[in-house]
There are 2 protein chains.
Amino acid sequence: MAESECTPLEKLLNQISGQWTMYILWILDTNGTMRFGELKRKIDSISPKVLTQRLRMLEEIGIVYRSYESTIPPQVSYELTERGKELSKPLYDLCDLASRWYDGEANT
Amino acid sequence: MAESECTPLEKLLNQISGQWTMYILWILDTNGTMRFGELKRKIDSISPKVLTQRLRMLEEIGIVYRSYESTIPPQVSYELTERGKELSKPLYDLCDLASRWYDGEANT
DNA sequence: TAAAGTAGTTACCATTTAGTAACTCTATAA
DNA sequence: TTATAGAGTTACTAAATGGTAACTACTTTA
């Protein structure tokens, strides 16, 4: 899809619609600052490659802040930026909806 | 990603995170009942194949209702179900955010 | 008589995406 | 002395995805 010539909503949706993306944001939103390994363990079935890709992209568009400390072993933390925190409300609504729709339901 | 063994939010996000999906829902939300061709023209750069796929999937999970009238030429309409309308609020919030972030900005 | 309109479907191909396993670096713990 | 930890990176492969163009049906319009 052409990235240019689209509405603001289309642009935002293109950014956050990738697999895992919104879920990562939700985890960061509810847990606050987290290290790479923590995130990886929380999401579990995501591969480190994809997790890195998503985090770098989210950093690039100003939704996630990455802080790096070059200790050995290195410590890298991720958190939502002010802009990223604005996604909190719609994410919460989706989570609430999802619970009402799917909680206590067998996954087929 | 495994569809089973995931939280309600993950399940919902898996369903609506595909390309175009949330945008289609937004268009249906703001325009009400629409015919296939209208939808196609509104979104434009989507291919008919993918539009059909998305609509069928959304129908299957109970978010979109499809009504078919076998006139010649046939008339097919799509609209959000009651459940689908529950997505209205988070979608509106995302749209609002997107406008504030990206309105009047050059797309790079 | 031929084209247009509606709502798709189908086959085929190219691209994108995701997963896997192996590897990096250095200090510290066992 | 070897393994482990943390935060990735890289190459390779497999799968999913999306686009394109052609085609369906039948009636009405030009």
Side-chain angles (χ1 to χ4, degrees), chain A residues 1-6 10-11 13-25 27-28 31-61 64-79, chain B residues 1-6 10-11 13-25 27-28 31-61 64-79:
Chain A
M1 175 169 53
E3 148 96 13
S4 52
E5 306 279 331
C6 68
E10 276 176 280
K11 180 167 177 175
L13 291 179
N14 285 342
Q15 291 172 337
I16 65 173
S17 279
Q19 206 184 0
W20 305 112
T21 310
M22 285 196 279
Y23 194 65
I24 292 170
L25 293 172
I27 296 293
L28 283 175
N31 292 268
T33 304
M34 290 179 87
R35 298 182 52 181
F36 184 88
E38 281 183 285
L39 266 171
K40 175 77 185 65
R41 263 170 266 123
K42 262 253 149 73
I43 306 184
D44 197 51
S45 54
I46 197 174
S47 67
K49 190 185 83 170
V50 172
L51 181 54
T52 304
Q53 280 177 356
R54 293 295 182 274
L55 289 168
R56 289 287 143 78
M57 182 269 288
L58 291 169
E59 191 193 359
E60 206 174 315
I61 65 179
V64 158
Y65 174 71
R66 174 177 185 265
S67 63
Y68 180 85
E69 298 216 31
S70 59
T71 52
I72 304 263
Q75 276 182 258
V76 183
S77 294
Y78 295 91
E79 61 190 304
Chain B
M1 175 170 53
E3 149 94 14
S4 52
E5 305 277 334
C6 67
E10 277 176 280
K11 179 166 179 177
L13 292 178
N14 285 343
Q15 290 171 339
I16 65 173
S17 279
Q19 208 183 359
W20 305 112
T21 309
M22 284 195 280
Y23 195 64
I24 292 170
L25 292 172
I27 297 293
L28 282 176
N31 292 268
T33 305
M34 291 179 86
R35 297 183 52 182
F36 184 87
E38 282 184 284
L39 223 33
K40 175 76 184 66
R41 262 171 267 122
K42 262 256 149 73
I43 306 186
D44 197 50
S45 53
I46 197 174
S47 66
K49 190 184 81 170
V50 172
L51 182 53
T52 304
Q53 279 176 355
R54 291 296 181 274
L55 289 169
R56 289 286 143 79
M57 183 269 289
L58 291 168
E59 191 194 358
E60 205 174 316
I61 64 178
V64 158
Y65 174 71
R66 175 177 185 265
S67 63
Y68 180 85
E69 299 217 29
S70 58
T71 52
I72 302 268
Q75 276 182 258
V76 183
S77 295
Y78 296 91
E79 60 189 305

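Both backbone and side-chain heavy atoms feed into the values below; hydrogens, waters and symmetry mates do not. Per chain, numbering begins at 1; letters A, B, ... match sequence-line order.
Between the CG atom of A:Asn14 and the C1' atom of D:dT17 there is a distance of 15 Å, given to the nearest Å. Rounded to an integer number of Å, the gap from NZ of A:Lys40 to C1' of D:dA7 is 12 Å. Rounded to an integer number of Å, the gap from CD1 of A:Ile46 to C1' of D:dA7 is 14 Å. Rounded to an integer number of Å, the gap from CD1 of A:Ile43 to P of C:dG19 is 12 Å. Rounded to an integer number of Å, the gap from B:Phe36 CZ to C:dA7 P is 8 Å. Computed from coordinates, the B:Met57 CE to D:dT17 C1' distance equals 13 Å when rounded to whole Å. Distance, A:Tyr68 OH to D:dA7 P: 10 Å, rounded to whole Å. Regarding B:Gln19, its CD atom lies at a distance of 5 Å from the P atom of D:dG18, rounded to whole Å.
Side-chain to base pairing of A:Lys49 with C:dA18: one donor and one acceptor N or O lie within less than 3.5 Å of each other.
In this structure, CZ on B:Arg54 lies 10.5 Å from CD1 on B:Ile43, to the nearest 0.5 angstrom. Of the inter-residue distances, the one linking A:Ile27 atom CD1 with A:Met34 atom CE reads 6.5 Å to the nearest 0.5 angstrom. Between the CZ atom in B:Arg56 and the CZ atom in B:Arg66 there is a gap of 4.0 Å [rounded to 0.5 Å].
Listed nucleotides C:dA18, D:dA7, D:dT27 differ in distance to B:Ile72; the shortest reach to its side chain belongs to D:dT27. Proximity note for B:Thr52 (side chain, C-beta onward) versus D:dT20, D:dT9, C:dG8: the nearest is C:dG8. Here the nucleotide nearest the side chain of B:Pro73, chosen from C:dG8, D:dG19, C:dT6, is C:dT6. Side chain of B:Pro74, nearest nucleotide from C:dA7, C:dG5, C:dG8: C:dA7.
Ranked by how close their nearest DNA chain D nucleotide is to the 5' end, A:Arg41 and A:Gln53 are led by A:Arg41.
Closest approach of A:Thr21 to A:Ile16, counting heavy atoms only: CB-O, 3.6 Å.
In this structure, A:Thr52 contributes its side chain and A:Pro48 its backbone to a donor-acceptor pair below 3.5 Å.
Taking 4.0 angstrom as the limit, A:Arg56 places none of its side-chain polar atoms (N or O) nearer than this to OP1 or OP2 of D:dA7. Between D:dG8 and A:Arg54, no contact under 4.0 Å exists linking OP1 or OP2 to a side-chain N or O. In terms of phosphate contacts, A:Arg35 brings no side-chain nitrogen or oxygen within less than 4.0 Å of OP1 or OP2 of D:dG6. An OP1 or OP2 oxygen of C:dG8 is reached within less than 4.0 angstrom by a side-chain nitrogen or oxygen of B:Tyr78.
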